[in-house]
There are 2 protein chains.
Amino acid sequence: MLVGMTLLEHSWPDRLRAAGLRVTPRRVAVLETLDAHPHSSADELHTRAEARLDHLTRQAVYISLADFVGHGLVRKIEPPGSPARYETRTADNHHHLVCEQCGAIADVDCAVGAAPCLTPDDDAGFFVHTADVTYFGLCPQCRDAG
Amino acid sequence: MLVGMTLLEHSWPDRLRAAGLRVTPRRVAVLETLDAHPHSSADELHTRAEARLDHLTRQAVYISLADFVGHGLVRKIEPPGSPARYETRTADNHHHLVCEQCGAIADVDCAVGAAPCLTPDDDAGFFVHTADVTYFGLCPQCRDAG
DNA sequence: GTGTTCTTTTGAATGAGTCAAAAGAAGGGG
DNA sequence: CCCCTTCTTTTGACTCATTCAAAAGAACAC
Ligand SMILES: [Mn+2]
Ligand SMILES: [Mn+2]
Ligand SMILES: [Zn+2]
Ligand SMILES: [Zn+2]
């Protein structure tokens, strides 16, 4: 039985090396934890990844995540009123549903295509690089509860 | 010679009363300052509005803005890596261009219409309330400089 | 005017994230 | 293998935007 990801994409150590970053147990632990728990905050990742290592500081998590984002291994999202969240799904331009009640986040595929799915009518002279779409509303649980 | 806004919309005192909020010199000063300087931060508003009053604390600005947002007089936007910004343009669903270099913000009219201009294909069971679109890129100045 | 309720001040506290310097590990060249 | 350089992690302090709580002050309905 084949494990899809190890064939399709490379392993985290390989991807770290490919990005020119050193392979350390901490980094691999953070990346695997993030893979297993998409849209985690730095603090959630710290708590979860620390459990599988002897030592891991919150700062190491912040520094690692910043490096990962800088090298395209990880995407950072910053919903209003919540600490930043991270995910390993970087290949596509997907968007997010955010629950205004409980903060839950769900992925939404890009409505139009793989690349940034919108361009403004009047760009005011800006060179537009990315379009970020966030939907706000209520998740199923909060909708039923309210 | 007619002043457009006072006829089309009501004055800030009237709009405050209509919202059930008391009319105070501080609130009016904050609203007028924000009208004159859209996309200001709380701190910028404090500095600017303080200049026309004998006293105005930063906290009063924060509290007032939260009240205004809660009553629909003001809209709050929270670009990544920047303090929250505010604007009095609440009637339409417009979007924003953010310069990744200098933080400049420009308005973009909604591509589709007045109401939330997008709905996701698969809403994952969410009750979607608003769609927020933010374009990231470089403003004219930073584009030419870079 | 007076009283009730809403606003503002005052001052402290929070939480997420950053900075800087010292200690520790990866991994390439010998 | 081992060493050295460079990158990574720890440590601990610190910043910044924002929030909290309690006391003092102002709107405005009567
Ligand atoms: Mn996602
Ligand atoms: Mn705007
Ligand atoms: Zn929810
Ligand atoms: Zn710019």
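Each chain gets a letter, A, B and so on, in the order its sequence line appears, and its residues count up from 1.
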Worksheet entry | Side-chain donor/acceptor contact of Arg22(A) with base of dT6(D) under 3.5 Å | yes
Are Val23(A) and Phe68(A) linked, directly or through intermediate hydrophobic residues, by side-chain heavy-atom contacts shorter than 4.5 Å (ILVMFWY only)? yes
For Arg143(A) and Gly125(B), the nearest pair of non-hydrogen atoms, with its separation, is NH2-O, 3.0 Å
Result for 5'-nearest mapping on DNA chain D, choosing between Pro25(B) and Ser41(B), is Ser41(B)
When rounded to the nearest 0.5 Å, the distance separating OG of Ser64(A) from CG of Leu56(A) is 7.5 Å
Outer limits of DNA chain C sitting under 4.0 Å from a non-hydrogen atom of chain A, read 5' to 3', are dA16(C) to dG27(C)
For Cys139(B) and Cys102(B) the tightest heavy-atom approach is SG-SG, 3.8 Å
Worksheet entry | Touch class at under 4.0 angstrom, heavy-atom based, for Pro13(A) against every strand present | nothing
Note to self: Quick check on Glu78(A): does its CD atom have over 12 non-hydrogen neighbours (other residues, nucleotides or ligands) under 6.0 Å away?
What the structure shows: yes
Subject >> Single-linkage hydrophobic cluster Leu21(A)~Trp12(A), side-chain heavy atoms < 4.5 angstrom >> reply: yes
Students should find that the end-to-end axis angle of the helix from dG1(C)-dC30(D) to dG30(C)-dC1(D), with five pairs defining each axis and rounding to 10 degrees, is 30°
When we call it a touch if two heavy atoms are under 4.0 Å apart, what does Arg58(A) touch: a base, just sugar-phosphate, or nothing? nothing
For residues 50-73 of chain B, the salt bridge (charged side-chain N to carboxylate O under 4.0 Å, His left out) pairs (sequence neighbours left out) are Arg27(B)-Asp67(B), Glu32(B)-Arg52(B), Asp43(B)-Arg58(B)
Contacts of Glu87(B) meeting side chain to side chain contact (heavy atoms under 4.5 Å, CB included) (sequence neighbours excluded), chain-then-number -> His39(B), Arg75(B), Ile77(B), Arg89(B), His94(B), His96(B), Asp107(B)
Closest non-hydrogen contact found for Cys99(A) with Cys142(A) is SG-SG, 3.7 Å
Numerically ordered, the residues 60-87 of chain A set in heavy-atom contact under 4.0 Å with DNA chain D is Ala60(A), Ile63(A), Ser64(A)
On a heavy-atom basis, the closest approach of Thr90(A) and Val74(A) is CG2-C, 3.6 Å
Atom CD of Gln59(B) and atom P of dC16(D) are separated, to the nearest Å, by 16 Å
Sequence neighbours excluded, the answer for side chain to side chain contact (heavy atoms under 4.5 Å, CB included) partners of Ala42(A) is Val61(A), Tyr62(A), Leu65(A), Tyr86(A)
